[in-house]
Number of protein chains: 2
Amino acid sequence: MAGPTVTEDYLKAIWNAREWSDDPVTNSVLASRLGLSPSSVSELVRKLADRGLVTHARYGSVELTDEGRRVALATVRKHRLVETFLVDYLGYDWADVHDEAEVLEHAVSDTFIERLAEKLGHPTHDPHGDPIPTAAGDLPTVAQVPLAQVDEGAVVTVARVSDDDPDLLRHLREVGIDIGTTVTLAARRPAAGVVELTAGDQAVALGLPAAETILTEVAQP
Amino acid sequence: MAGPTVTEDYLKAIWNAREWSDDPVTNSVLASRLGLSPSSVSELVRKLADRGLVTHARYGSVELTDEGRRVALATVRKHRLVETFLVDYLGYDWADVHDEAEVLEHAVSDTFIERLAEKLGHPTHDPHGDPIPTAAGDLPTVAQVPLAQVDEGAVVTVARVSDDDPDLLRHLREVGIDIGTTVTLAARRPAAGVVELTAGDQAVALGLPAAETILTEVAQP
DNA sequence: CTATAGTTTTCGGCATGCCGAACTTCCCAG
DNA sequence: CTGGGAAGTTCGGCATGCCGAAAACTATAG
């Protein structure tokens, strides 16, 4: 059997694409997410379909099969538990864990990851607020709203930040925004492509693309 | 640059071959250690030589260059620190860590391994008694004698056991032999291919090949 | 000084996974 | 309905790393 690294990367990319948007996942979407050419993706998706991990309508979209989703979620679980370990145990900054976890997720065994989960106290979320699938493949879903779409004047809690932009993560750390931080949406300025908020006593402006990757929940009273 | 996994495996195999014997390392020795065909090894050793990591006399033996040794020792350091982590933190049995470490050694970054070393308290030896090279590439050398060559009646301390035979490691655990255990060499029976010893109050017989992979030091008085 | 047995290298071939170029297919504008 | 441009696929080619078979080399016995 083939080395599973590539397989896991593709399945995870398909799953991640679906997690952040409901648009159908085409081969070119996948290609841009994976940083590969469309022709490469086309070929490998066909192989994944042959192995029963995805379905693929020619010239259409790619969907995970049950088995494909199982593999994808297992990989996501490994990724997020490793990120949690890097921050909680090894003291990494949350901006620096993504690339390391991207490699380690393919290298750790199931035994390793279950023992690690145990030692970490079976965390339900990683340092960026991403939910960690259980070993059985369950994933809690919570209603969350991108910061870019929060109403003016609303008070919300930051629940989740995409882990793949280290510069944004570092910036958020610098302005005091973390998971669980309560922020008030001071103003939306779509014309300027900016939302303004206050975190504690600090005023912060964020561009819309960044504000789209920050998910919030209604603040606890 | 090529994916480093194969490179690291070859360099580590060359280094390991030298650690346990002074015989010259030929391509066929390497092939059998790596579980590959001699032709594959011949080809890859040539590439390593082109990259300046080894020297290779045609039809002769392979030697690490300074740079090759640096890479090999860095990989050995990762392997042994990972094994220590698996036993000390994740609670693995010492028989089960080798294969997992064999994969992880290629996946962890330098940053990861230095933070891990710090958290583990900069251990000098892994769970099998193998010395851990420092980040600078230094390795303490201690006079050790294979159990197979200890004199009858001598009292010695088990200092080191090869990590690549899980069945032997499990057996040793069962008969109460660990790193630091004091044993007495009761009898050598070369004709039978066996050495007999007592560990605590238990009598243990070991075959010569196994006894050759167990290194001992003179027992502390 | 050979003959030859054993070791090492070379050679052709295979599998994986990637790419760019050329070719299909889709689908909407007109 | 049809013409094109965009999206997707196929094709030939490349790099890595592996193998078995055949050729080349070494070293030892006679």
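Proteins get letters first, then strands, A, B, ... in listed order; numbering begins at 1 in each.
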For nucleotides 22-26 of chain D, give me every protein contact, N/O to N/O, under 3.5 Å, one pair per line with atom names.
residue: D:dC25; atom: O4'; partner: B:Y59; partner atom: OH; Å: 3.4

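- Atom P of nucleotide D:dC19 and atom CG of B:L30 are separated by 13 Å, given to the nearest angstrom.
- Taking a cutoff of 4.0 Å between a charged side-chain nitrogen and a carboxylate oxygen, A:R70 and A:E67 qualify as a salt bridge.
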Enumerate donor-acceptor pairs with a distance under 3.5 Å from any side-chain N or O in residues 81-88 of chain B to protein atoms, sequence neighbours excluded.
residue: B:E83; atom: OE1; partner: B:H128; partner atom: ND1; Å: 3.0
residue: B:E83; atom: OE2; partner: B:H79; partner atom: NE2; Å: 2.9
residue: B:T84; atom: OG1; partner: B:R80; partner atom: O; Å: 2.8

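- Contact check for B:L197 versus B:I177: side-chain heavy atoms found under the 4.5 Å cut-off.
- If you check residues 36-49 of chain B against DNA chain D, the residues with a heavy atom closer than 4.0 Å are B:L36, B:S37, B:S39, B:S40, B:E43, B:L44, listed by number.
- An OP1 or OP2 oxygen of D:dC18 is reached within less than 4.0 angstrom by a side-chain nitrogen or oxygen of B:Y10.
- Remark: A:R170 does not engage A:E174 in a salt bridge, criterion side-chain N to carboxylate O under 4.0 Å.
- Looking at B:Y10 and B:V54, their side chains never come closer than 4.5 Å, going by heavy atoms from C-beta outward.
- The distance from atom NE2 of A:H56 to atom P of C:dT25 is 14 Å, rounded to the nearest whole Å.
- Residues A:T7 and A:R51 are in side-chain contact: their nearest non-hydrogen atoms beyond the backbone lie under 4.5 Å apart.
- B:E8 places its CD atom 16 Å from the C1' atom of D:dG17, with the value rounded to the nearest Å.
- Note that CG of B:D164 is 8.0 Å distant from OG1 of B:T213, once rounded to the nearest 0.5 Å.
- In this structure, B:T65 contributes its side chain and B:L53 its backbone to a donor-acceptor pair below 3.5 Å.
- Look at A:N27 and you won't find any side-chain N or O under 4.0 angstrom from OP1 or OP2 of D:dA7.
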